[in-house]
Participant: 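Dropping a structure here in structure tokens format, bear with me for questions.
All chains are named by letter (A, B, ...) in the order of the sequence lines, taking the proteins before the strands, and each is independently numbered beginning at 1.
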Protein chains: 2
Amino acid sequence: MPYSSFASMPCTLSRPAALLGERWTLLLLRQIFLGTRRFEDFQATMDISRSVLTDRLNVLLQENVLKRVPYHEDGRTRHEYRLTEKGRDLYPVLMALRTWGEKWMAPEEEESFHLHHRDCGGDVRAKVECTECAAELTARDVQVTAKR
Amino acid sequence: MPYSSFASMPCTLSRPAALLGERWTLLLLRQIFLGTRRFEDFQATMDISRSVLTDRLNVLLQENVLKRVPYHEDGRTRHEYRLTEKGRDLYPVLMALRTWGEKWMAPEEEESFHLHHRDCGGDVRAKVECTECAAELTARDVQVTAKR
DNA sequence: GTAGCTGAGTTCGAAAATCGAACGCAAGGG
DNA sequence: CCCTTGCGTTCGATTTTCGAACTCAGCTAC
């Protein structure tokens, strides 16, 4: 069972985990959510090798997480990479990573950038909740039932 | 800037992303949250090569996401890998992946296992919210401010 | 038109990560 | 003793990644 076979496993956790668990993919998505959209800019800000960048972008295009949209600059038509709705929906994943990082991987008062709710200025936090009773859940509160 | 240097970047999103963005790490964590605790069981259920499994477990031990705890079986002392508090706090990350997978990567009615709130039976969902006004947030609702 | 520039890749040999199969080893059990 | 089990380690082959050079298309300037 090679790594790639998790991509087609009948498990809605394995498949995303295998996709985003490829080297560079999560960092690439971070950059995209921060507004980077062009090949050269990804390459410059992350210093990823060009061939791997090409590959990762293509995988995300194929998975329909990104789309290429044309734009004009200096009268020339170029393309940029933008999130699809599916891609934008990954926001909670990135925010969960950051919420965890803030709690467990922030050495001091360090903070590279701050996020706040545009409307009320409050802090942003990822959490798991019950769709019925709206309680916040931890792993202990959740029961796993085998496939039916 | 090699991949590994993101592990020491002053960004609370980059560091977790670089750690969990290593091949196998997310899948390994999935398995741990599902209850796998022993070397042989990881190896058998994921079919990861033993040397890489050793490496990933060691990284997670070093990062204090996992701990080795002794236990007894047939009168022998062995060790198993268990989540620390820091590790258990990764639950929202995994649930965010799953929530996304349920929405965007579930072909049909397929579901490998079901999760529900132990108390009320409701469904489990990851979301991003404002700590002030408790509104659910998307990327558009969040303002990014540069480091201060 | 042709030389140059720029963004976006592609190519290719070297280096690093992963694989799989075999080996090591310590703690019991028979 | 010798066998089994759990947990690794080692090592040569394969796959990924790296980094630097190369390509190519569409302008712009001369």
Side-chain angles (χ1 to χ4, degrees), chain A residues 1-9 14 17-29 31-32 35-63 66-82, chain B residues 1-7 14 17-29 31-32 35-63 66-82:
Chain A
M1 191 196 303
Y3 184 83
S4 56
S5 74
F6 283 91
S8 57
M9 220 178 183
S14 294
L19 173 63
L20 303 188
E22 285 287 356
R23 231 180 187 212
W24 292 110
T25 304
L26 280 172
L27 290 167
L28 186 51
L29 285 170
Q31 211 55 43
I32 291 170
T36 305
R37 284 171 188 169
R38 282 140 58 155
F39 191 93
E40 293 298 316
D41 294 337
F42 291 122
Q43 221 275 311
T45 55
M46 316 201 304
D47 203 21
I48 183 178
S49 85
R50 305 176 77 81
S51 45
V52 174
L53 177 55
T54 300
D55 178 74
R56 294 302 184 271
L57 287 171
N58 284 335
V59 169
L60 293 175
L61 284 174
Q62 223 162 355
E63 288 291 336
L66 298 181
K67 61 189 170 190
R68 298 183 75 208
V69 312
Y71 71 99
H72 287 274
E73 191 184 67
D74 315 331
R76 299 181 56 178
T77 298
R78 298 200 172 291
H79 294 270
E80 58 183 15
Y81 296 90
R82 307 199 56 147
Chain B
M1 193 195 305
Y3 184 82
S4 56
S5 74
F6 283 91
S14 295
L19 173 63
L20 303 189
E22 285 287 356
R23 230 180 188 212
W24 292 111
T25 304
L26 280 172
L27 291 167
L28 186 51
L29 285 170
Q31 212 54 45
I32 291 169
T36 305
R37 284 171 188 168
R38 281 140 58 154
F39 191 94
E40 293 299 316
D41 294 338
F42 291 122
Q43 221 275 311
T45 54
M46 315 201 305
D47 202 21
I48 182 177
S49 85
R50 304 175 79 81
S51 45
V52 174
L53 176 56
T54 300
D55 179 74
R56 293 301 183 271
L57 288 172
N58 284 335
V59 169
L60 293 176
L61 284 175
Q62 222 161 356
E63 287 291 336
L66 298 181
K67 60 188 171 194
R68 298 185 75 207
V69 311
Y71 71 98
H72 287 274
E73 192 183 68
D74 315 329
R76 298 181 56 178
T77 298
R78 299 202 171 289
H79 294 269
E80 59 183 16
Y81 296 89
R82 306 198 59 147

Participant: Could you list, one pair per line, each protein nitrogen or oxygen that sits under 3.5 Å from a nitrogen or oxygen of nucleotides 24-30 of chain C, together with the distance?
Facilitator:
from: dA27(C); atom 1: O4'; to: Arg76(B); atom 2: NH2; distance (Å): 3.4
from: dA27(C); atom 1: N3; to: Arg76(B); atom 2: NH1; distance (Å): 3.4
from: dA27(C); atom 1: N3; to: Arg76(B); atom 2: NH2; distance (Å): 3.4
from: dG28(C); atom 1: OP1; to: Gly75(B); atom 2: O; distance (Å): 3.2

Participant: In terms of side-chain heavy atoms of Trp24(B), which of dG8(D), dT18(C), dA17(C) is nearest?
Facilitator: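 Closest nucleotide to the Trp24(B) side chain: dT18(C).
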
Participant: dT18(C) P sits how many Å from Glu22(A) CD, rounded?
Facilitator: 10 Å

Participant: Sorted by first residue and then second, give each salt bridge (Lys or Arg N to Asp or Glu O under 4.0 Å) pair with at least one member in residues 37-48 of chain A; sequence neighbours left out.
Facilitator: Arg38(A)-Asp41(A), Arg38(A)-Glu73(A), Glu40(A)-Arg50(A)

Participant: Identify, with sequence neighbours excluded, every residue that meets side chain to side chain contact (heavy atoms under 4.5 Å, CB included) alongside Ser51(B).
Facilitator: Ser49(B)

Participant: For Arg68(B), enumerate each residue passing the salt bridge (charged side-chain N to carboxylate O under 4.0 Å, His left out) test, keeping only those at least two apart in sequence or located in another chain.
Facilitator: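 Not a single residue meets the salt bridge (charged side-chain N to carboxylate O under 4.0 Å, His left out) criterion with Arg68(B).
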
Participant: Can you list the residues that meet the ring-ring contact (aromatic ring centres under 6.0 Å, His included) rule with Tyr3(B), with sequence neighbours excluded?
Facilitator: Trp24(A)

Participant: Rounded off to whole Å, could you give me the CE-to-P distance for the Met46(A) and dC18(D) pair?
Facilitator: 10 Å

Participant: Strictly distance-based, threshold 3.5 Å: is any side-chain N or O of Arg56(A) a donor or acceptor partner for the main-chain N or O of Arg23(A)?
Facilitator: yes

Participant: Mind calculating the distance between CZ (Phe6(B)) and P (dC18(D)) to the nearest angstrom?
Facilitator: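 Rounded to the whole Å, the gap is 10 Å.
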
Participant: Would Glu80(A) and Arg82(A) count as a salt bridge (charged side-chain N to carboxylate O under 4.0 Å, His left out) if you check the C-alpha gap in whole Å, the side-chain angles of each, and the deciding distance to 0.1 Å?
Facilitator: CA-CA 6 Å; Glu80(A) 58 183 15; Arg82(A) 307 199 56 147; 3.3 Å; yes

Participant: Name all residues meeting the side chain to side chain contact (heavy atoms under 4.5 Å, CB included) criterion together with Ser5(A); count only those two or more places apart in sequence or in a different chain, and write none if there are none.
Facilitator: Met1(A), Pro2(A)

Participant: Can you check the Glu80(A) CD to dA8(C) C1' distance for me, whole Å?
Facilitator: 14 Å

Participant: Using whole Å, what does the distance between atom C1' of nucleotide dC7(D) and atom CG of Leu61(B) come to?
Facilitator: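 Nearest whole value for this atom pair: 13 Å.
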
Participant: Let me spell it out: for each of Ile48(B) and Tyr71(A), pick the nucleotide of DNA chain C with the closest heavy atom. Which residue's pick is nearer the 5' end?
Facilitator: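 Result of the comparison: Tyr71(A).
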
Participant: Find which nucleotide of DNA chain C each of Arg23(A) and Arg38(A) is nearest to by heavy atoms, and output the residue with the more 5' nucleotide.
Facilitator: Arg38(A)

Participant: Calculate the interatomic distance between Asp47(B) atom CG and dG20(C) atom P; express it in whole Å.
Facilitator: 6 Å

Participant: Using whole Å, report how far OH of Tyr3(B) lies from P of dG19(D).
Facilitator: 15 Å

Participant: Mind checking Tyr81(A) for me? I need base, sugar-phosphate or nothing, with any heavy atom below 4.0 Å counting as a touch.
Facilitator: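 Touches sugar-phosphate only.
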
Participant: Just the rounded figure in Å: distance from C1' of dG8(D) to CD of Gln43(B).
Facilitator: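 Result: 11 Å.
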
Participant: Taking side chain to side chain contact (heavy atoms under 4.5 Å, CB included) as the test, write out the residues that go with Asp55(A), two or more places apart.
Facilitator: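 In terms of side chain to side chain contact (heavy atoms under 4.5 Å, CB included), with neighbours along the sequence ignored, Asp55(A) is linked to Val59(A).
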
Participant: Under the side chain to side chain contact (heavy atoms under 4.5 Å, CB included) test, which residues partner Thr54(B), sequence neighbours left out?
Facilitator: Phe39(B), Asn58(B)

Participant: Between residues 49-59 of chain A and DNA chain D, which residues have a heavy-atom gap below 4.0 Å?
Facilitator: Ser49(A), Arg50(A), Ser51(A), Val52(A), Arg56(A)

